[in-house]
Amino acid sequence: MDVRTRVGCYAWIERDGAVLLSRWRGMSLPDGRVARPGWTLVGGGIEPGETPEQAAVREVREESGYAVRLTGVLTTDAWSGVDDRDPAGRAVWQAVRIVFTAEVESGELAVESDGSSDDARWVPLEELATLPCLSLVDTAWRAAGGPGLPEAALGFGPVDEAAVARMRSLVEQAREARVRRAPSRPAQAGSEPDGGLDGTPPGVTVVAVDGPSGSGKTVLARALARDLGAPLLHMDDLYPGWDGLAASPALLAEQVLEPLARGERAAYRRWDWHAGDWATDPVEVPEPPGGVLVVEGCGSSVGPAGEHAAVRVWVDAEPALRMRRGVARDGEAYRPHWERWAAQEVRLFAADGTRGRADLVIDTSPGAG
């Protein structure tokens, strides 16, 4: 395995209720996908001969114009995954990130002119949730004692913008169809809400982004939810463990989709993967401000769950590539779990005919049309 390691050094600089952020300008990949711009901490990669402290101070100066004094280490983290720049999908990217706390000593705010960022600003903490942020902001804010960012503020991974545009078009068509099916007169007191053909009330359009693990569902679903201003529900929260795939579509339907179809608020029990049991407190599904709920994950359009989906998207990729993505992300020790899970997927999707019922099929394999 070709492992490519990058060490990034960043600073959490907070003053007067605001944090200093820079806007990463994003990038386009040779296959046409786009890594969307996003706000992140000031900082960047360590250069040969530098200490992490020297790298953090230099990067802050280059991206913001400030000279800073480091005051401590706030947190560290690491993530790995298949390097998206490798067309064969065989290189693994290992990123290690060190976040320092720092104070401004001198300088004036200035935007980097020829680097990877194109803006810098002091962002009030209460406004962080309104910006598209990279996950490092969420990690650092939690380490600093804050609540962290909501799902809608986070984004990551290269996105096929053409595929996202097709998804948005299907959602708009589904919403227009709901308007046409809406009752022409007010419902009588005590009557059931008009649910349309798929059981979902005219005001809620459920989008299911389904497909096998490692296909790229999360990246597409997160981009779609961000574009639509829609809440995003992950099936990972509903699987009762590594052997619980088959049970999850019914759990999604009973706890979330059926209450929404009745015009009620919905909440679900979240599976705690560390404890190996259901978490105590239920998770309330936010009311969709734009009338759309996006659900992503294996089984999100299967059986009873699929009956409530106005738009069904199937995301797939070549099986060996999907396995490489999964093992690169979770580590070789999880390969037996991935293999066991893949066998469940084959059985579930074959019995349900999920792919054949999809409104849109997206293949994220290199070179796929």
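We count residues from 1, following the sequence as given. All figures in this text were calculated on a predicted structure; none of them were measured in a lab.
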Interatomic distance, [X] atom [atom1] to [Y] atom [atom2] [nearest 0.5 angstrom]:
| X | Y | atom1 | atom2 | answer |
| --- | --- | --- | --- | --- |
| His337 | Glu339 | NE2 | CD | 11.0 Å |
| Thr205 | Leu170 | OG1 | CG | 11.5 Å |
| Asp236 | Thr218 | CG | OG1 | 6.5 Å |
| Asp114 | Glu62 | CG | CD | 8.5 Å |
| Leu224 | Arg166 | CG | CZ | 12.5 Å |
| Arg269 | Gln255 | CZ | CD | 7.5 Å |

So does [Y] get a backbone contact from the side chain of [X], meaning a donor-acceptor N/O pair under 3.5 Å?
| X | Y | result |
| --- | --- | --- |
| Arg175 | Gly290 | yes |
| Asp272 | Ala279 | no |
| Arg312 | Gly306 | yes |
| Asp237 | Arg270 | no |
| Gln54 | Thr51 | yes |
| Ser300 | Ala208 | no |
| Gln344 | Trp242 | yes |
| Arg61 | Ala67 | no |
| Glu47 | Glu50 | no |
| Arg25 | Gly38 | no |

Taking all atoms of both residues into account, what is the closest heavy-atom pair of [X] and [Y], and its distance?
| X | Y | result |
| --- | --- | --- |
| Thr75 | Ala143 | CB-CB, 3.8 Å |
| Leu149 | Cys133 | CD1-CB, 3.7 Å |
| Ala253 | Ala305 | CB-N, 4.1 Å |
| Pro52 | Ile46 | N-CD1, 3.8 Å |
| Ala140 | Leu41 | CB-CD1, 3.7 Å |
| Arg142 | Pro147 | NH1-O, 3.0 Å |

Salt-bridge present ([X], [Y]; N to O < 4.0 Å):
| X | Y | answer |
| --- | --- | --- |
| Arg97 | Asp77 | yes |
| Arg340 | Asp243 | yes |
| Arg33 | Asp160 | no |
| Arg222 | Glu296 | no |
| Arg357 | Asp352 | yes |

Side-chain heavy atoms of [X] within contact of [Y], under 4.5 Å:
| X | Y | answer |
| --- | --- | --- |
| Leu131 | Glu127 | no |
| Val295 | Met235 | yes |
| Val311 | Met167 | no |
| Leu136 | Tyr10 | yes |
| Ile13 | Val60 | yes |
| Trp39 | Pro132 | yes |
| Pro37 | Trp24 | no |
| Leu293 | Leu232 | no |

Common cluster, [X]/[Y], ILVMFWY with side-chain heavy-atom separation under 4.5 Å:
| X | Y | answer |
| --- | --- | --- |
| Val137 | Val68 | no |
| Leu238 | Leu260 | yes |
| Val123 | Leu125 | yes |
| Leu360 | Val292 | yes |
| Val204 | Leu233 | yes |

- Task: Take Val315 and Thr364 through the test side-chain contact (heavy atoms from CB on, under 4.5 Å) and record every step on the way to the result.
- Result: CA-CA 7 Å; Val315 186; Thr364 64; 3.8 Å; yes
- Applying side chain to side chain donor-acceptor pair (under 3.5 Å), name anything that partners Glu112, two or more places apart in sequence or on another chain.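 With neighbours one apart ignored, the set is Ser117.
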- Message: Tell me whether Glu105 at atom CD has more than 12 heavy atoms from other residues, nucleotides or ligands lying less than 6.0 Å away.
- Response: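 Yes, the 6.0 Å shell around CD holds more than 12 heavy atoms from other groups.
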- Consider only side-chain N and O atoms of Trp314 and Asp316, and report whether a donor and an acceptor are under 3.5 Å apart.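 A pair is found: one side chain offers a donor N or O, the other an acceptor, under 3.5 Å apart.
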- Message: If only side-chain N and O atoms count, and only distance matters, is there a donor-acceptor pair under 3.5 Å linking Glu63 with Ser22?
- Response: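 Their side chains do contain a donor-acceptor pair, which is all the 3.5 Å distance test asks for.
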- Task: List the steps and the verdict of side-chain contact (heavy atoms from CB on, under 4.5 Å) for Tyr66 and Leu20.
- Result: CA-CA 10 Å; Tyr66 290 120; Leu20 180 63; 3.8 Å; yes
- Item | Criterion side-chain contact (heavy atoms from CB on, under 4.5 Å) on Ser301 and Thr354, from CA distance to verdict | CA-CA 7 Å; Ser301 64; Thr354 316; 3.3 Å; yes
- Query: In chain order, what residues pass the side-chain contact (heavy atoms from CB on, under 4.5 Å) check against Ser213, with sequence neighbours excluded?
  - Reply: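 Listed in chain order: Cys298, Trp338, Trp341, Glu345.
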- Which residue, Ile362, Val159, Val219, forms the side-chain contact (heavy atoms from CB on, under 4.5 Å) with Val164?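 The option that passes is Val159.
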- Item | Listed partners of Glu103 passing salt bridge (charged side-chain N to carboxylate O under 4.0 Å, His left out), at least two apart |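 Once residues adjacent in sequence are excluded, the partners of Glu103 under the salt bridge (charged side-chain N to carboxylate O under 4.0 Å, His left out) criterion are Arg69.
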- Task: Please state whether the rings of Trp273 and Trp271 are parallel, tilted or perpendicular, taking 30° and 60° as the class boundaries.
- Result: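 Rings of Trp273 and Trp271: perpendicular, over 60°.
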- Are Tyr268 and Trp278 close enough that their ring centers fall under 6.0 Å?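 No, too far apart.
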- Check the pair Val171, Leu228 against side-chain contact (heavy atoms from CB on, under 4.5 Å), reporting the backbone distance first and the verdict last. CA-CA 9 Å; Val171 172; Leu228 299 175; 4.0 Å; yes
- Go through Arg168 and Asp227 one step at a time and tell me if the salt bridge (charged side-chain N to carboxylate O under 4.0 Å, His left out) criterion holds. CA-CA 8 Å; Arg168 290 198 305 266; Asp227 288 355; 2.8 Å; yes
